[in-house]
There are 2 protein chains.
Amino acid sequence: MRISTKGRYALRVLVDLAEHQADDFVPLKVIATRQQISEKYLESILKVLVRNKILTGRRGKGGGYRLTKPPEQYTVGSILRLTEGDLAPVACLDQGADNCPRTANCRTLPMWRKLDELVNNYLDSITIADLMESPPAK
Amino acid sequence: MRISTKGRYALRVLVDLAEHQADDFVPLKVIATRQQISEKYLESILKVLVRNKILTGRRGKGGGYRLTKPPEQYTVGSILRLTEGDLAPVACLDQGADNCPRTANCRTLPMWRKLDELVNNYLDSITIADLMESPPAK
DNA sequence: TAATTAACCTACTATCCCAATATGTTTATA
DNA sequence: TATAAACATATTGGGATAGTAGGTTAATTA
């Protein structure tokens, strides 16, 4: 991490869908307009979410997207790890990172690990339902 | 943030200099060799640290770099904010970010703010002296 | 069954940032 | 005065981000 538009948009879409669960399937066009996000770009993001069973897509007239689970069952962390690939604060901690020869006596690595843990724990403690309840800042 | 080599290298150099305080001025070449970092690239990083009075540079034969303060007076956070420019987890929180019109009722902004606070507080709680004492991971 | 709607799929592009390199200039010491 | 070393400026290659563009498949509904 740093969280890019991909992750930020994904979260906003999930909150949007959660707030419109009554509408059954919501078309991409509607979400994009409501959230002011480019349709085509959003499409590429939702594709990932569908592939990972976060959303279901229904084709054809009357189709659109829908959550597969209730909002409180999605953690922010799990969504971001999907769209961002990795939340590690340094390259050294990326999955499949070639562990450098200095790992054994690196003075800073323990700190990065703790930071990584801190961030992930925080983001895993928040659900989409929490974001819905989040009071608008004044 | 995500922390790039710039910030990671800067921290490693400061720890290195802290561990060799007795040597007075340490030439770039020596640090670069010891830390296995490209000389020229490291130079550009140290320039920032000198400009911000983190280090003093002395020119000419017998010159090099030296800490301006004892190691326990540098927080990791302050160093990273210098070299990385900003530690904000999302662009929305960057300094001088054009605050988007949805700020007022953005469902996710409060979360990003808390995350930002969490990260900065953690990194500000660690000093270069702490990193020196950090036991090598086995 | 034909028109329409909307998801799905593949490929391409402009821009920015990271990480580094290259070349030179100034300053101090021995 | 030769040498060592910081300081300065410009350029480059690569990869990721943030999108565009155009076409294909599937489900409604008139």
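Only heavy atoms go into these numbers, but all of them, side chains included; no hydrogens, no water, no symmetry mates. First the proteins, then the strands, lettered A, B, ... as listed; each starts at 1. All values derive from a computational prediction rather than experimental measurement.
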Just to be sure I understand the geometry, which residues of residues 43-61 of chain A put a non-hydrogen atom under 4.0 Å away from DNA chain C? A:E43, A:K47, A:V50, A:G57, A:R58, A:R59, A:G60, A:K61
Euclidean distance, atom CZ of residue A:F25 to atom C1' of D:dA27 [Å, nearest integer]: 11 Å
Whole angstrom is fine here: how far is it from CD1 in B:I37 over to C1' in C:dT21? 16 Å
Between D:dA16 (P) and A:Y41 (OH): distance, integer Å: 14 Å
Looking at B:R81 and B:D86, does any basic side-chain N land under 4.0 Å from a carboxylate oxygen? no
Once you round it to whole Å, what is the distance between P of C:dC16 and CZ of A:R2? 15 Å
Want to settle it: does A:K6 or A:G62 sit nearer the 5' end of DNA chain D, counting the closest nucleotide to each? A:K6
Difference in axis direction between the ends of the helix from C:dT1-D:dA30 to C:dA30-D:dT1, five pairs, 10°: 0°
Any donor and acceptor pair, going by atom type alone, linking the side chain of A:R12 with main-chain N or O of A:Q35 inside 3.5 Å? yes
Check every strand shown and say whether B:Y9 touches a base, only sugar-phosphate, or nothing at a heavy-atom separation below 4.0 Å. sugar-phosphate
Give the nucleotide from the list D:dG23, C:dA20, D:dA8 with an atom nearest to the side chain of A:K40. D:dG23
D:dT20 phosphate, OP1 or OP2, under 4.0 Å from A:S38 side-chain N/O: yes
Atom-to-atom span, CG of A:D24 to P of C:dA6 - whole angstrom: 14 Å
Please set out all donor-acceptor pairs under 3.5 angstrom arising from side-chain atoms of residues 37-53 of chain B, sequence neighbours excluded.
residue : atom : partner : partner atom : Å
B:S38   : OG   : B:Y41   : N            : 3.2
B:K40   : NZ   : B:E43   : OE1          : 3.2
B:Y41   : OH   : B:T5    : OG1          : 3.0
B:S44   : OG   : B:Y41   : O            : 2.6
B:N52   : ND2  : B:V48   : O            : 2.8

Salt bridge check, A:D130 against B:R107: does any charged N sit closer than 4.0 Å to a carboxylate O? no
Between P of D:dA16 and CG of A:D94, the distance in whole Å: 10 Å
Heavy-atom nearest pair, B:R2 first then A:M1, reads CB-O, 2.8 Å
If only atom types and distance count, is the side chain of A:T127 paired as donor or acceptor with the main-chain N or O of A:T75 below 3.5 Å? no
Could you tell me whether B:K69 atom NZ has more than 12 heavy atoms of other residues or ligands within 6.0 Å of it? yes
Donor-acceptor check, side chain of A:S78 to backbone of A:Y74, threshold 3.5 angstrom: yes or no? no
For the hydrophobic clusters of this structure (ILVMFWY residues joined by side-chain heavy atoms under 4.5 Å, transitively), does one cluster hold both A:F25 and A:I128? no
Side-chain N or O of B:T5 closer than 4.0 Å to phosphate OP1/OP2 of C:dC18: no
Heavy atoms from C-beta onward define the side chain here; which of D:dA5, C:dA7, C:dT21 lies closest to that of B:P27? D:dA5
Closest heavy-atom contact between B:Q36 and A:R102? NE2-NH2, 3.7 Å
Using a cut-off of strictly less than 4.0 Å, decide whether B:S4 has a side-chain nitrogen or oxygen near OP1 or OP2 of C:dC18. no
Separation of C:dA19 P from B:I3 CD1 (nearest whole Å): 11 Å
Rounded to whole Å, please give me the gap between CG in A:L42 and P in C:dA6. 15 Å
